[in-house]
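Naming convention: chains lettered A, B, ... in sequence-line order (proteins, then strands); numbering from 1 in each chain. Computed from heavy atoms alone, side chains included, the values below leave out hydrogens, waters and symmetry copies.
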Amino acid sequence: MIRKEQLNKMTNFLWEIPQSYREDMRVPARVYATEEGLEAILKDDSLDQLINVSTLPGIQKAAIAMPDAHQGYGFPIGGVAATKYPEGVISPGGIGYDINCGVRLLATDADYNEIKGEMENLATELYNNVPAGAGKSGPVNLNRQDFDRLLRRGAEWAVENGYGGSEDLEYIEANGRLDHADPNVVSERAKQRGQDQAGTLGGGNHFLEVDRVSKIFNQKAAQALGLHENQVVVFIHTGSRGFGHQVATDYVKKFQSKMNEYGINLPDRGLACAPMDTRDGKDYYHAMAAGANFAWCNRQVITSEVRKAFRNVLGTQAGKIDVVYDISHNIAKLEVHEINGNSEKVMVHRKGATRAFGPGHPELPDAYRDIGQPVFIPGSMGTSSYVLTGTTEGMQSTFGSTCHGAGRNMSRTAAKKQVDPNKLIRRLKEQDIHIQAASHSGVAEEAPLAYKEVDMVVETVEKAGIAKRVLQMHPAAVIKG
DNA sequence: ATGTTC
């Protein structure tokens, strides 16, 4: 395992393992962390994994880890790797098994103090409207032809079928649809698992949360996002469910058996990949795009169910519920970035990392062009969450990326041993936080003590200059799998 | 993350 002495301190918030550290490194490995944050990251294998990532064919500039980094499959969670297009590789392990896991924020017109008394009813109604937990099916159940159409069209499919309005699409990364999604390169098994899963939350760290805006750091940005203090907002964290998981499983297995054929030799099987200019590489990208589209559709269907639940409990009091934005933190995107003074096309793998484009980027909605891309950073269950925006500096240093959450610092097994879920639920209720969960052991696994301090993670990315705080939110109702 | 070990 790598030790602190082997890292060069570049700034108070950035550390580097030079390319000379190991012969097979193609670029340096960099980690954003405070001194204290680094100690936590060094406790698991995430930086050794980051060094392995730096050996990927075609990797550009650096393998990058965020302050919420922890050990994952092959690649660390909280990592960014950009590979040169088209001769570099694409790797399912650099994207994650939950393809296009991401976070969507909705803004209601309600004031927290006015609807506080309805929060428990709202939690129950949301829980009843949005199936939570592993293996649950949702309101959408499609035949194969319609499901293929959903995979091609993403969030658009949901809107066309009565889940939300077309104005929602403008406020989703990539407008909720990646081109080139191809159902023909997705296994039958993946389609079977996914065809009744749109509109479901899933388990693990996924959640549906009602929050109040508790503190504003940047008034101008908050205003552009349509957010103000004490406003009730809704936070949705989920991904592509069993569908994306099966796509990832299929291609990891396929690539692992063909690494010799591609002539690629890597230090960890979890890095299995294919050159983007091969049939296999293209097929995975097109399958991943289908997974991404499924996840956007999922969050769009859930949005529509949330609107229904609010109407059922509050009538017109909730007002119009708008999509603020929808970000992806497990995805690879073909983007143009400046590398050594040249504009280069790269496949930016973000695994547990959020795209954070700076002000002026053409892909941002008009209303957000001047403030930069909104970024949503959830804390652990029952703690606060943050809205940030991307920066110009981040475009240079991290391919326009930042962190994605608090990041675990304890295993699920260890958390289960230490936490009594009923006690935790009671304690949170005393703080006016209402939990509705499908699984009590899931609640224990997600206890705040199993996570790093989100405030520390957010402070690190802000001080490092790769994202800027806009506001803080505080939970009032939490739906968990 | 995941029909939580095809």
Side-chain angles (χ1 to χ4, degrees), chain A residues 44 46 49 68-79 91-103 131-138 141 147 186-208 236-254 256-257 269-270 272 287-288 290-292 294-296 298-299 302 327-332 349-354 378 380-381 404-408 410-417 421 437-446 450-451 479-481:
Chain A
D44 67 21
S46 43
Q49 292 185 323
D68 53 338
H70 54 112
Q71 197 175 322
Y73 179 70
F75 295 63
I77 295 159
S91 175
I95 288 149
Y97 276 78
D98 189 4
I99 294 168
N100 192 9
C101 185
V103 188
K136 290 279 169 55
S137 54
N141 195 346
F147 190 64
V186 170
S187 68
E188 281 304 307
R189 195 168 172 192
K191 291 179 190 178
Q192 267 166 25
R193 289 181 69 174
Q195 62 186 10
D196 64 352
Q197 286 187 321
T200 65
L201 198 59
N205 62 4
H206 291 164
F207 63 77
L208 170 58
I236 302 165
H237 177 209
T238 185
S240 51
R241 310 285 290 99
F243 178 78
H245 190 270
Q246 192 61 49
V247 169
T249 304
D250 293 340
Y251 279 91
V252 166
K253 212 177 280 175
K254 181 177 203 163
Q256 281 176 342
S257 72
R269 279 172 66 75
M288 183 215 71
F294 182 81
W296 280 315
N298 188 25
R299 293 196 284 274
I302 290 173
I327 59 96
S328 308
H329 56 223
N330 274 19
I331 198 166
H349 297 65
R350 296 188 182 92
K351 181 190 195 176
T354 312
S380 55
M381 186 177 54
H404 88 306
R408 291 196 80 88
M410 188 188 286
S411 73
R412 292 186 175 275
T413 333
K416 263 191 287 197
K417 275 186 196 154
S439 143
H440 273 207
S441 62
V443 169
E445 292 176 6
E446 290 294 306
Y451 280 86
I479 284 73
K480 293 284 295 178

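- Here A:Gly244 lies out of heavy-atom contact (under 4.0 Å) with every strand.
- Taking the ring pair (Phe, Tyr, Trp, His ring centres under 6.0 Å) definition, one finds that A:Phe294 meets it with A:Phe147, A:Phe243, sequence neighbours left out.
- Distance, A:Leu201 CG to B:dT2 C1': 14 Å, rounded to whole Å.
- Judged by distance alone, with hydrogens and angles left aside, the side-chain atoms of A:Asn298 form a donor-acceptor pair with the main-chain N or O of A:Thr200 at under 3.5 Å.
- B:dT2 atom P lies 11 Å from atom CZ of A:Phe294, rounded to whole Å.
- Checked against the 6.0 Å centroid threshold, A:His237 and A:His404 do not count as a close aromatic pair.
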Exercise for review: Would you please test A:Glu446 and A:Ser439 for side chain to side chain contact (heavy atoms under 4.5 Å, CB included) and show each step?
Suggested key: CA-CA 11 Å; A:Glu446 290 294 306; A:Ser439 143; over 6 Å; no
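- If you check every strand for non-hydrogen atoms under 4.0 Å, A:Arg412 touches sugar and phosphate atoms only.
- At a threshold of 4.0 angstrom between heavy atoms, the contacts of A:Gly96 with the nucleic acid are absent.
- Map A:Ala134 and A:His206 each onto its nearest nucleotide of DNA chain B; the residue landing nearer the 5' end is A:His206.
- Between the CG atom of A:Asn100 and the P atom of B:dT2 there is a distance of 13 Å, rounded to whole Å.
- Regarding A:Gln246, its CD atom lies at a distance of 14 Å from the C1' atom of B:dT4, rounded to whole Å.
- The NZ atom of A:Lys136 sits 14 Å away from the C1' atom of B:dT2 (whole-angstrom rounding).
- Distance A:Asp196 CG to B:dT2 P: 14 Å, rounded to the nearest Å.
- Counting non-hydrogen atoms under 4.0 angstrom, A:Gly204 reaches the backbone sugars and phosphates but no base.
- A straight line from CD of A:Gln192 to C1' of B:dC6 spans 14 Å, rounded to a whole angstrom.
- Residue contacts for A:Gln197: at a heavy-atom cut-off of 4.0 Å it reaches the sugar-phosphate backbone alone, with no base atom in range.
- Between A:Asp250 atom CG and B:dC6 atom P the separation is 13 Å, expressed in whole Å.
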Exercise for review: Given side chain to side chain contact (heavy atoms under 4.5 Å, CB included), test A:Ile99 with A:Ser240 step by step and report yes or no.
Suggested key: CA-CA 6 Å; A:Ile99 294 168; A:Ser240 51; 3.7 Å; yes
